Amino acid sequence: MTTADVLPQLTAKIRDAAHPGPAAPCACGTTTLAHRPDTTVVRHAATVAKAHAPGTDPGALALRLAAAAHLPDVFLPPLTVTPGALVDARPVTLWPYATPVDPDDQGAAPWEAAGALLGRLHRAPVVPGTPLMRGPAKAAHAMDRLHEALAAAAPHPAAPAVLRAWSALPAWARAEAPMPGTLTLCHGDLHLGQLVRHPAPDGQWLLIDVDDLGVGVPAWDLARPASWYACGLLSPAEWTRFLTAYRAAGGPAVPQDGDPWAALDVPARALTVQTAARYLAKALAADRPLDEVEQSLIDACARMVLE
């Protein structure tokens, strides 16, 4: 099934979910929120449906949904903890609509909420059978995509810095060895796009996206903002707001005071390389130069090798 095939079938599915019972005329309309090869998300009235990536294990997804459902003060609660099949065993999950972070209003970024939610998540009891957090696997996937892009393009001067920085990471951060400790429930892919207000439009902030949720190294969840801070993409004030809120919530990933970087160094480096690899692969595919933000991440990778 192609990406184009998913959208009409998901649209039909969400109409049925949003209006159960006998078929009736509906003027609500369906809005596409995301439509990529790995994810399609649509909204109909107050219901959102997500078609997960091809190859997603429905059993592991059900365990992740159950973990999220047990934490209604941390995660947007799913409408059902049993994923449904769309086509070719591609699971579909249903969610209430919630208001996302406004990407055009950086001053309103909810850094305190993000830190507090992570602190509560990392202190939560683990549901038996919860899968491993997929953060390192996602970083390795980004590197695989970069290797594919490099194989199809002319040599790029930014590539050696990214490849060397990746090779310098410990095996666990490259998903080549077990993580050092898997007793903490982690989000696995924390960024501001994973926060929403529910009930919409101005309810409490909650986390979304359970695809990478699992047990693992909690510092991984702090790694993207730490990486942005280290690369100059996040201001010291914003980083302090985030870290202070995390510590106030009792988050165990870093010490309650003092320098947090002993715990954050490896995950922050891994997220820097992952993001640089994604940006470079996209630039290669589009045959365009790197922009300022992308180049800052490449420069950070180069500095890692020199340190």
Side-chain angles (χ1 to χ4, degrees), residues 3 36-39 52-57 60 131-182 186-191 193-194 209 211-231 233 263-307:
T3 303
R36 305 185 301 270
D38 62 338
T39 300
H52 296 258
T56 296
D57 179 354
L132 291 175
M133 180 265 288
R134 293 186 64 251
K138 198 158 190 171
H141 179 67
M143 292 303 298
D144 290 341
R145 295 290 298 272
L146 175 58
H147 282 293
E148 293 171 5
L150 290 169
H156 195 286
V162 180
L163 298 176
R164 285 196 296 265
W166 177 253
S167 297
L169 292 169
W172 74 264
R174 304 194 308 265
E176 295 174 2
M179 284 180 275
T182 55
C186 306
H187 183 278
D189 188 30
L190 191 280
H191 54 80
Q194 309 288 32
D209 190 356
D211 291 88
D212 302 303
L213 175 67
V215 290
V217 178
W220 197 277
D221 283 345
L222 282 70
R224 184 172 273 111
S227 166
W228 291 346
Y229 170 61
C231 294
L233 302 175
L264 295 177
D265 182 65
V266 167
R269 287 171 182 259
L271 263 294
T272 300
V273 180
Q274 174 186 329
T275 309
R278 288 180 58 247
Y279 283 158
L280 181 53
K282 290 181 179 180
L284 288 165
D287 192 22
R288 61 166 176 79
L290 297 169
D291 65 24
E292 183 178 356
V293 170
E294 293 165 343
Q295 187 61 52
S296 71
L297 288 154
I298 302 298
D299 293 343
C301 291
R303 290 195 299 272
M304 290 180 204
V305 180
L306 297 174
E307 293 174 355

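Computed from a prediction, not measured in an experiment: that's the story for all the values here.
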Practice problem: Can you see which heavy atom on Ala276 is nearest to which on Cys301, and at what distance? | Solution: CB-SG, 3.8 Å
Quiz item: Would you say Thr275's side chain and Thr272's backbone share a donor-acceptor pair under 3.5 angstrom?
Solution: no
Quiz prompt | Close side-chain approach of Leu132 to Met179, heavy-atom, < 4.5 Å | solution = yes
Quiz item: Any sub-3.5 Å donor-acceptor pair from Arg174's side-chain atoms to Leu169's backbone N or O?
Solution: yes
Quiz item: Are any non-hydrogen side-chain atoms of Leu284 and Leu150 less than 4.5 angstrom apart?
Solution: yes
Practice problem: Apply side-chain contact (heavy atoms from CB on, under 4.5 Å) to Pro180 and list each qualifying residue two or more places apart in sequence or on a separate chain. | Solution: Trp172, Val217
Quiz item: According to the salt bridge (charged side-chain N to carboxylate O under 4.0 Å, His left out) rule, which pairs have a member within residues 277-292, sequence neighbours left out?
Solution: Arg288-Glu294
Quiz item: Would you say the side chain of Met133 lies within less than 4.5 Å of the side chain of Asp212, judging by non-hydrogen atoms?
Solution: no
Practice problem: List the atom of Pro267, the atom of Trp220, and the distance in Å for their closest heavy-atom pair. | Solution: CB-CA, 3.9 Å
Self-check item: Pairwise side-chain contact, Met143 with Val273, heavy-atom cut-off 4.5 Å (strictly under)
Solution: yes
Quiz prompt | Whether Asp221 side chain and Gly188 backbone form a donor-acceptor pair below 3.5 Å | solution = yes
Exercise. Decide yes or no on side chain to side chain contact (heavy atoms under 4.5 Å, CB included) for Leu280 and Leu290, but give the supporting numbers first.
Key: CA-CA 7 Å; Leu280 181 53; Leu290 297 169; 4.2 Å; yes
Quiz prompt | Ser167 side chain to Leu163 backbone, donor-acceptor under 3.5 Å | solution = yes
Quiz prompt | Salt bridge Arg303-Asp299, side-chain N to carboxylate O under 4.0 Å | solution = no
Quiz item: How far does CD of Gln295 sit from OH of Tyr279, to the nearest 0.5 angstrom?
Solution: 13.0 Å
Exercise. Could you tell me which non-hydrogen atom of Ala165 sits nearest to which non-hydrogen atom of Val305, and how far apart they are?
Key: N-CG2, 3.8 Å
Quiz item: Side chains of Arg224 and Leu190: does their closest heavy-atom pair fall under 4.5 Å?
Solution: no
Quiz item: Nearest 0.5 Å, what's the CG-CD distance between Asp211 and Gln194?
Solution: 8.5 Å
Quiz item: Are side-chain heavy atoms of Ser296 and Leu233 found at a separation under 4.5 Å?
Solution: yes
Quiz item: Looking only at heavy atoms, what is the nearest atom pair of Ala268 and Ser227, with distance?
Solution: O-CB, 3.7 Å
Self-check item: Heavy-atom closest contact (Ala173 atom, Ala139 atom, distance)
Solution: O-CB, 4.5 Å
Self-check item: For His187 against Asp209, the heavy-atom pair lying closest together
Solution: NE2-O, 3.3 Å
Quiz item: Should we count NE2 of His141 as having more than 12 external heavy atoms under 6.0 Å?
Solution: no
Quiz item: Side chains of Cys186 and Leu213: closer than 4.5 Å at any heavy-atom pair?
Solution: no
